[in-house]
Amino acid sequence: MQATDSSTKQPAIVNTSASRWATTLRALRHRNFQLFFGGQIISLTGTWMQSVAQAWLVYSITKSSFLLGAVGFASQIPVFLLAPLGGTVADRTNRHRLIIATQTASMILAGILAWLTRTHRVQVPHIFILAALLGVVNAFDIPGRQSFLVDMVGKEDLMNAIALNSSIFNGARVIGPAVAGILVAKIGEGSCFTLNAISYLAVIVGLLLMKVRSQPRSSKNSPLADIVEGFRWVNRTKIIRALLLLIGLVSLVGMPYTVLMPVFADQILHGGARGLGILMGSTGVGALLGALTLASKTGVKGLGRWVAFTCAGFGASIILFSFSRYFWLSVVLLLPAGFSMMLQMACSNTLIQTMVPDQLRGRVMAVYSMMFMGMAPFGALLGGSLAHRIGAPITIAIGGVACIVGAIWFGRLLPAMRIEARRLIVAQGMAGGEPAQELNAQAVEE
């Protein structure tokens, strides 16, 4: 009898496992998202290779933590300044064509940096200019790409598409820095920039092969009036405003740990370029696990608490990292840092996209871009300046404490925002497959 029971139970185990994977990867049933997913894996690996190689190039030329922060500022301040315009463009134009244009522009900029580096003409001003131009492109690309997800998979699978998109980003974050650390040490930064330029072909080809309806949305208002409308909606929607403010806080005071990573790799942990790749890759492994954790979830219930807990966990992790003086201990501590940071950002993205009306999606995602990417340059500049004066470890520890304080603030606001969040989710009809009765429960808080 025992043998019979065992044999009959085995298929159920297999079916359960298969069902779990089918749930986690459900957005990939859409052909357009399959093309996007494959292209992004290759392209984002190249992007992370360039990010690490560029940081190491600046640091090897200048040996300055301040200039590391300054280059980060130059690359991301355009997102803060121009993302509202980018969001308006995403709401008014064909998002499919918009992304093809931005990805092509990014490929050209990577090619120019590769040529300058390989011909030994590159200087720090060149890096600043190209970083700023890439920031301008990203100000249009990020809101457009975030808004385009719903065009590829529809509202039913949007939450899963956001999570899988984050998993692509962080899977590349694991591979890219590790490869970059090896290539920089052996054949130089120029090879990383060249491979990044080539990698854009994958996502551009995938976009061209798509058959997607992404029609322009007409507006009777001026672009300025549309921008103002987006900001007003965010400001009067308490749950969206709180989520965005918390993202902005983490980007300002928490994220500079990545900008200062070359300082830790070289001066504190003595790992060199290869060590930098391992440290960044460890963060990516944790972030990938965070994204996959969200991908396996089938509804928005509980995401508000996830945001608060992961923000606090991120703060605690980078505080511990700042005190470590052992390379492999630091590598281990970056795993929960990456996990918590990405899960907070992905959960926030999911909640925002679940609650925002489609006609405002591009503009609200532009504000998200301002808080996530746009606040980062101020954080990079602030982090670089503080590190120059008081040292990188203390700078990172202060940021971690601020993240924990922000998490406590958000957690205390959650009960009061529960009714508004439930109303918005029901209004948009985008609960990610949750039964209707569950929406009448504490959709965000529990």
Working note: Leu260 + Thr395, criterion side chain to side chain contact (heavy atoms under 4.5 Å, CB included); need CA distance, chi angles, decisive distance, verdict. CA-CA 9 Å; Leu260 297 173; Thr395 300; 4.2 Å; yes
Apply salt bridge (charged side-chain N to carboxylate O under 4.0 Å, His left out) to Arg361 and Asp91, showing your working. CA-CA 7 Å; Arg361 189 173 305 279; Asp91 279 341; over 6 Å; no
Run the side chain to side chain contact (heavy atoms under 4.5 Å, CB included) test on His126 and Gln123 for me, step by step, so that the C-alpha distance in whole Å, both residues' side-chain angles and the decisive distance to 0.1 Å come before the verdict. CA-CA 5 Å; His126 296 144; Gln123 297 178 15; 3.9 Å; yes
How far apart are the C-alpha atoms of Met342 and Phe314, what are their side-chain angles, what is the distance that settles it, and do they pass the side chain to side chain contact (heavy atoms under 4.5 Å, CB included) test? CA-CA 9 Å; Met342 184 45 57; Phe314 172 67; over 6 Å; no
Let me see the working for Ile318 and Met341 under side chain to side chain contact (heavy atoms under 4.5 Å, CB included), right down to the final yes or no. CA-CA 10 Å; Ile318 62 173; Met341 180 273 297; over 6 Å; no
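The number of heavy atoms from other shown groups lying within 6.0 Å of CZ (Phe327) is above 12. For Ile419, the CD1 atom sits in a loose shell: 12 or fewer heavy atoms of surrounding residues, nucleotides or ligands are nearer than 6.0 Å. Within 6.0 Å of NE2 in His30 there are more than 12 heavy atoms belonging to other residues, nucleotides or ligands. Around atom CZ of Arg389, no more than 12 heavy atoms belonging to other residues, nucleotides or ligands sit under 6.0 Å away.
Side-chain atoms of Ile239 and Leu351, non-hydrogen and from C-beta on, never get closer than 4.5 Å to each other. Side-chain contact between Leu243 and Phe410 is present, with at least one heavy-atom pair separated by less than 4.5 Å. Counting heavy atoms from C-beta outward, Pro262 and Gln267 have side chains that stay 4.5 Å or more apart. You'll find the side chain of Thr283 stays beyond 4.5 Å of the side chain of Leu335, heavy atoms only. No side-chain heavy atom of Leu35 sits less than 4.5 Å from a side-chain heavy atom of Val205. Counting only heavy atoms from C-beta outward, the side chains of Thr310 and Met345 never approach each other to under 4.5 Å. Looking at Leu360 and Arg363, their side chains come closer than 4.5 Å, going by heavy atoms from C-beta outward. Leu245 places a side-chain heavy atom less than 4.5 Å from the side chain of Trp409.
Interatomic distance, CE of Met107 versus CD1 of Ile198, reported as 10.5 Å (0.5 Å rounding). Taking CD of Glu189 as the start and CD of Gln50 as the end, the distance is 11.5 Å to the nearest 0.5 Å. A distance of 13.0 Å separates OH in Tyr200 from CG in Leu195, rounded to the nearest 0.5 Å. One finds the CD1 atom of Ile247 at 13.5 Å from the CG atom of Leu252 (value rounded to the nearest 0.5 Å). With values rounded to the nearest 0.5 angstrom, Leu109 atom CG is found 11.5 Å from Ile129 atom CD1. A distance of 11.0 Å separates CZ of Phe36 from CD1 of Ile41, quoted to the nearest 0.5 Å.
Proximity of a side-chain donor or acceptor of Asp266 to a complementary backbone N or O of Gly272 within less than 3.5 Å is not detected. For the pair Ser282 (side chain) and Ile278 (backbone), a donor-acceptor distance under 3.5 Å is absent. Of the possible donor and acceptor atoms, one in the side chain of Glu420 sits under 3.5 Å from a partner among the backbone N and O of Lys238. A donor-acceptor pair under 3.5 Å links the side-chain atoms of Thr102 to the main chain of Ile99, judged by distance alone. A donor-acceptor pair is defined here as one N or O able to donate and one able to accept, closer than 3.5 Å; no such pair exists between the side chain of Ser75 and the backbone of Ala131. Judged by distance alone, with hydrogens and angles left aside, the side-chain atoms of Ser199 form a donor-acceptor pair with the main-chain N or O of Asn196 at under 3.5 Å. With hydrogens and angles disregarded, a donor-acceptor distance shorter than 3.5 Å links the side chain of Ser348 to the backbone of Gln344.
For the residue pair Ser330 and Ser324, a side-chain donor N or O sits within less than 3.5 Å of a side-chain acceptor on the partner. With hydrogens and angles left out, the side-chain atoms of Asp141 and Gln103 include a donor and acceptor closer than 3.5 Å.
Listed by first then second residue, pairs satisfying ring-ring contact (aromatic ring centres under 6.0 Å, His included) with a partner in residues 356-387 read Phe73-Phe378, Phe80-Phe378, Tyr368-Phe372, not counting sequence neighbours. Sorted pairs that involve residues 328-349 and meet ring-ring contact (aromatic ring centres under 6.0 Å, His included), not counting sequence neighbours, are lacking altogether.
Scanning both residues, Leu81 and Pro84, for their nearest heavy atoms gives O-CD, 3.9 Å. Here the shortest heavy-atom pairing between Val307 and Cys347 reads CG2-CB, 3.7 Å. Here the closest non-hydrogen pair linking Met375 and Met371 is CB-O, 3.4 Å. Of all the heavy atoms in Ser340 and Gly313, the pair that sits closest is OG-C, 3.8 Å. Across all their heavy atoms, Leu207 and His96 have their closest contact at O-NE2, 2.6 Å. Of all the heavy atoms in Ser322 and Ala397, the pair that sits closest is OG-CB, 3.5 Å.
Aromatic rings from Phe264 and Tyr257 are positioned such that their centres are separated by 6.0 Å or more. Note: Phe148 and Phe33 fail the aromatic proximity criterion, with ring centroids not under 6.0 Å apart.
Using a 4.0 Å cut-off between charged nitrogen and carboxylate oxygen, Arg95 and Asp151 count as a salt-bridge pair.
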